[in-house]
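Since the structure comes first, as structure tokens, the remarks are kept for the end.
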Amino acid sequence: MDHSGHGMTMDLPPFTLGRGLEWSADPFFLVACLLGLGLYGWGVVRLRRRGDSWPVGRTIAYVVGVLTVALVMCTKLNDYGMVMFSVHMVQHMVISMLSPILILLGAPITLALRALPVAAVRGRKGPRELLLALLHSRYVRIITHPAFTIPLFVASLYALYFTPIFDFLMGSRAGHVAMMVHFLAVGVAFFWPIMGIDPGPHRPGYLMRMLELFAGMPFHAFFGIALMMGSTPMVETFRNPPASLGIDALSDQTAAGGIAWAFSEVPSVLVLLALLFQWYRSEQRQARRKDRAAERDGDKELAAYNAYLASLDARGN
């Protein structure tokens, strides 16, 4: 494998966390992250100016989510990820399983629907109408359907890593960026129907959502185990790491497998907590609604009873 195409990766010193976290921005992701933060900030400010509130927790979740993308794409982790399977796996796991959850908890679509201007002329399509049309489109219905997201989530692991597609994409910066964009998009599509706050075409009940979550995870864990058990390097790209790194390809692959395996648990726990919290909140809301209804009906019954007493009284005189 010729590493000359990777530019700087030839003379990377052995990996340490300090070196990995040095600034080394991928231009595409740097612009995307700044744009994502800027637009979200604009939305929140617009709502505030109007006198509407927006939960601080959502803003924090979203900002941290975008920063996790920047963490793996705008640091030397991205350079090491081109030549070290373990570092690449950290990038993949964070961007496909941690960033999407946090970004979704920030409810960016809900914010957009509330902040975007409505069409100036009735019947015309403004930014808000276009977003609504997209949300209701057949395209979004398909790409957020569990019959699509779960196989895609699984295929993104097996079909990519264990076929020549991976090596082809890793052969260039553009290919690598495209792969990372794909991982992020797959993560968002997978987790959106399960625990997203935003409106979406599929909103199964809480139990179904948990089943959807757990349907994907065993495949993920097994993928990690398959890498850990491998007795030879399985991915061509990482077969001959640069000598300057001082690593052994097989032990690096074992580490990558361990990371994939461990990470399959992290989102499960996060999402489960988010789901249980949402479930609890919705139960509380229903209980409050019932109480309010009972209060209203109770007053009606009381009024009717008083009227009945009054009528008896009138009859008696």
Side-chain angles (χ1 to χ4, degrees), residues 58 61-62 65 68-69 89 92-113 131-163 165-166 178-227 260-283 285-286:
R58 286 185 188 179
Y62 181 84
T68 57
V69 175
M89 193 56 78
H92 175 174
M93 293 298 121
V94 168
I95 211 165
S96 71
M97 297 177 80
L98 188 61
S99 310
I101 293 173
L102 291 165
I103 288 169
L104 286 165
L105 286 174
I109 295 171
T110 304
L111 180 65
L113 287 173
L131 179 60
L132 271 172
L134 177 67
L135 283 176
H136 291 299
S137 67
R138 177 176 295 168
Y139 170 72
V140 169
R141 266 214 302 280
I142 293 169
I143 64 160
T144 56
H145 195 282
F148 182 83
T149 59
I150 295 171
L152 183 69
F153 191 70
V154 174
S156 288
L157 293 171
Y158 294 88
L160 251 180
Y161 284 93
F162 300 150
T163 65
I165 302 172
F166 185 86
M179 190 195 307
M180 288 298 168
V181 171
H182 169 79
F183 287 151
L184 182 61
V186 169
V188 169
F190 179 75
F191 289 113
W192 181 14
I194 295 176
M195 43 69 65
I197 300 167
D198 286 324
H202 295 282
R203 270 288 167 269
Y206 287 98
L207 211 56
M208 269 310 292
R209 293 190 205 181
M210 289 181 189
L211 290 175
E212 272 180 44
L213 171 67
F214 291 121
M217 291 310 148
F219 294 102
H220 212 105
F222 185 74
F223 168 72
I225 293 166
L227 286 177
W261 178 73
F263 241 98
S264 63
E265 304 309 314
V266 176
S268 309
V269 173
L270 264 180
V271 172
L272 211 51
L273 288 173
L275 270 181
L276 288 169
F277 182 68
Q278 287 173 15
W279 196 348
Y280 169 72
R281 288 270 297 269
S282 79
E283 291 289 316
R285 273 200 299 274
Q286 272 175 332

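All residue numbers in this chain count up from 1 along the given sequence.
- Side chains of Q278 and L275 form a contact here, defined as non-hydrogen atoms less than 4.5 Å apart.
- For the residue pair P146 and P151, the shortest heavy atom distance occurs at O-CD, 3.5 Å.
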Run the side chain to side chain contact (heavy atoms under 4.5 Å, CB included) test on V186 and H182 for me, step by step, so that the C-alpha distance in whole Å, both residues' side-chain angles and the decisive distance to 0.1 Å come before the verdict. CA-CA 6 Å; V186 169; H182 169 79; 3.4 Å; yes

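- Taking OG1 of T149 as the start and CZ of F191 as the end, the distance is 10.0 Å to the nearest 0.5 Å.
- Listed here is the closest heavy atom pair of G200 and W192: CA-CZ2, 3.9 Å.
- Taking the six-membered ring for Trp and the full ring otherwise, the centers of F263 and F223 sit at least 6.0 Å from each other.
- With rounding to the nearest 0.5 angstrom, the CZ atom of F153 is 10.5 Å from the CZ atom of F183.
- Counting non-hydrogen atoms of other residues, nucleotides and ligands closer than 6.0 Å to OH of Y158 gives a total above 12.
- To the nearest 0.5 angstrom, S156 atom OG is 10.0 Å from I165 atom CD1.
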Cut-off 3.5 Å, no hydrogens considered: what does the side-chain donor-acceptor table look like for residues 209-220, sequence neighbours left out?
unit_1: R209; atom_1: NE; unit_2: P204; atom_2: O; d: 2.9
unit_1: R209; atom_1: NH1; unit_2: I194; atom_2: O; d: 3.4

Could you list the donor-acceptor pairs under 3.5 angstrom formed between side-chain atoms of residues 92-112 and any protein atom two or more places apart in sequence or on another chain?
unit_1: H92; atom_1: ND1; unit_2: Y161; atom_2: OH; d: 2.6
unit_1: S96; atom_1: OG; unit_2: H92; atom_2: O; d: 2.8
unit_1: S99; atom_1: OG; unit_2: T68; atom_2: OG1; d: 2.8
unit_1: S99; atom_1: OG; unit_2: V94; atom_2: O; d: 3.1
unit_1: T110; atom_1: OG1; unit_2: D198; atom_2: OD1; d: 2.6

Could you walk me through whether L152 and F190 pass side chain to side chain contact (heavy atoms under 4.5 Å, CB included), step by step? CA-CA 8 Å; L152 183 69; F190 179 75; over 6 Å; no

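- Side chains of V140 and H136 form no contact here, defined as non-hydrogen atoms less than 4.5 Å apart.
- Across R285, Q286, R281, a single residue satisfies side chain to side chain contact (heavy atoms under 4.5 Å, CB included) together with E283, and that is Q286.
- Among all heavy-atom pairs drawn from F166 and L160, the shortest one is CB-O, 2.9 Å.
- For A133, there are no side chain to side chain contact (heavy atoms under 4.5 Å, CB included) partners, not counting sequence neighbours.
- The two residues L131 and L113 come nearest to each other via the heavy atoms CD2-CD2, 3.7 Å.
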